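The residues of the chain are indexed from 1 along the displayed sequence. Here the structure is a predicted model, which means the values were calculated and not measured.
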Amino acid sequence: MSTADEPVSPATADEPASPATADADRTARREAGNSPAGGGETGREAIVRAARRAFTLKPYAEVTMRGIAAAAGVSPSLIVKRFGSKEALFNTVVDFRPAAAELFAAPLPGLGRHLVLTMVELRGRLRGDPLLRVVFSLGIEDERTLLRARFREQITDRLAGILTGPDARLRAELVAGQLLGLGATLSLHRPDGATAHTTAERLADLYAPGIQHLVDGSADRT
């Protein structure tokens, strides 16, 4: 992983931030512009990141294309051109499949460590946690229900289908909980916590064995 030997980045754009931080982020984006040179982020990535934050922090009805455009540093017409509608953009935001494809792309014997390293790498690359919006979402019940259903289908059910042995579904749910816990811990203790100043490899040394135990399903039964 590209971040394996570097301290874990505290930047997590999918999680609630103070108004001052949000204003600073918007200013930085405007100054950087909308080219790949602006933090290495394309227009589409900026839109998705801004939409992910907007739909996490506000109910669906309160999110506007204009607001997302302003946060992403693009024009509303560009969002319409690339996504078509607010509904289509919301459906992109609640899609966990891209994260799942990377998280589960390892053989079972090494999956625990791969999950930790990939979570850290995704947080840095996406400038936000790939899973935590399922916890932080403030949307109305229908939206939260959809978000949870997508998470179960695309994360928990997919992992349950990969695991072997007894209690696969139970173990998959527990692994998902461990990943959410890792993301929450990295967020809660930013920017000055110990987790923000250690390496991904060290995090994996400490955290991955517990996840791997669930992956293996090797608990003794009496």
Side-chain angles (χ1 to χ4, degrees), residues 1-6 8-9 12-15 44-45 48-49 51-52 55-56 90-137 143-188 195 198-222:
M1 297 295 169
S2 60
T3 58
D5 297 320
E6 302 171 0
V8 176
S9 170
T12 49
D14 286 351
E15 299 139 24
R44 187 184 189 284
E45 290 167 347
V48 171
R49 187 164 63 89
R52 190 179 291 127
F55 287 122
T56 297
F90 177 74
N91 285 330
T92 298
V93 166
V94 299
D95 188 358
F96 294 98
R97 287 175 298 183
E102 297 192 52
L103 285 168
F104 304 142
L108 289 179
L111 185 59
R113 189 173 191 86
H114 173 83
L115 287 170
V116 175
L117 295 176
T118 302
M119 277 287 291
V120 172
E121 196 274 333
L122 285 173
R123 285 172 61 90
R125 178 168 21 113
L126 299 176
R127 300 176 65 186
D129 193 280
L131 304 180
L132 272 184
R133 59 190 181 276
V134 75
V135 177
F136 287 146
S137 177
E143 295 148 25
R144 290 197 300 269
T145 298
L146 173 61
L147 197 61
R148 289 195 297 264
R150 291 283 180 87
F151 185 90
R152 286 194 300 268
E153 174 190 347
Q154 298 171 358
I155 298 294
T156 310
D157 290 351
R158 178 167 178 172
L159 178 57
I162 295 171
L163 298 180
T164 59
D167 302 318
R169 172 72 190 197
L170 173 61
R171 288 154 49 213
E173 290 182 2
L174 293 173
V175 170
Q178 293 274 23
L179 294 177
L180 291 171
L182 175 60
T185 298
L186 294 175
S187 301
L188 289 170
T195 51
T198 191
T199 66
E201 290 288 349
R202 182 56 179 158
L203 283 178
D205 289 342
L206 295 171
Y207 203 80
I211 297 180
Q212 189 63 47
H213 184 73
L214 293 169
V215 170
D216 295 338
S218 57
D220 293 332
R221 291 170 177 263
T222 58

| task | Only counting residues at least two apart or in another chain, list the ones meeting side-chain hydrogen bond (donor to acceptor under 3.5 Å, both in side chains) with Arg113. | result | Glu201, Asp205
| query | Got a second to check how far Leu163's CG is from Asp216's CG, nearest 0.5 Å? | reply | 9.5 Å
| request: Compare all side-chain heavy atoms of Arg144 with those of Leu147 and state whether any distance is below 4.5 angstrom. | output: no
| field | Over all atoms of both residues, closest heavy-atom pair of Leu117 and Ala204 | value | CD2-CB, 3.9 Å
| Trace of the side-chain contact (heavy atoms from CB on, under 4.5 Å) decision for Gln154 with Asp95 | CA-CA 8 Å; Gln154 298 171 358; Asp95 188 358; 3.3 Å; yes
| message | Holding to side-chain contact (heavy atoms from CB on, under 4.5 Å), I want the full list of residues that pass it with Ala106, two or more places apart in sequence or in another chain. | response | Leu111, His114
| remark: The reported gap from CG in Leu182 to CZ in Arg123 (rounded to nearest 0.5 angstrom) is 7.5 Å
| Do Leu203 and Met119 have side chains that get closer than 4.5 Å, going by heavy atoms? | no
| task | Keeping the roles fixed (side chain from Arg127, backbone from Gly124), state whether a donor-acceptor pair exists under 3.5 Å. | result | no
| request: Mind checking the OH-CG spacing from Tyr207 to Leu179? Nearest 0.5 Å is all I need. | output: 7.0 Å
| query | Where do Phe104 and Thr118 land on the side-chain contact (heavy atoms from CB on, under 4.5 Å) test, with the steps shown first? | reply | CA-CA 9 Å; Phe104 304 142; Thr118 302; over 6 Å; no
| message | So does Leu108 get a backbone contact from the side chain of Gln212, meaning a donor-acceptor N/O pair under 3.5 Å? | response | yes
| query | Rounded to the nearest 0.5 Å, how far does CZ of Arg202 lie from OG1 of Thr195? | reply | 13.5 Å
| task | Look up atom NE2 in His213 and atom CD1 in Ile211, then write down how far apart they are to the nearest 0.5 Å. | result | 12.5 Å
| note | Output for pair (Leu159 CG, Leu103 CG), nearest 0.5 Å, gives 9.5 Å
| task | Any salt bridge (charged side-chain N to carboxylate O under 4.0 Å, His left out) involving residues 98-109? Give me the pairs, sequence neighbours left out, ordered by first then second residue. | result | Glu102-Arg125
| Inter- and intrachain pairs under salt bridge (charged side-chain N to carboxylate O under 4.0 Å, His left out), touching residues 170-181, at least two apart | Arg169-Glu173
| Does Phe90 have any ring pair (Phe, Tyr, Trp, His ring centres under 6.0 Å) partners at least two apart in sequence or in another chain, and if so, which? | Phe55, Tyr60
| said: Suppose we screen for side-chain contact (heavy atoms from CB on, under 4.5 Å). Which residues come up paired with Leu214, at least two apart in sequence or across chains? | reply: Leu174, Val175, Gln178
| note | Between Gly183 and Ser187, the two heavy atoms sitting closest are O-OG, 2.9 Å
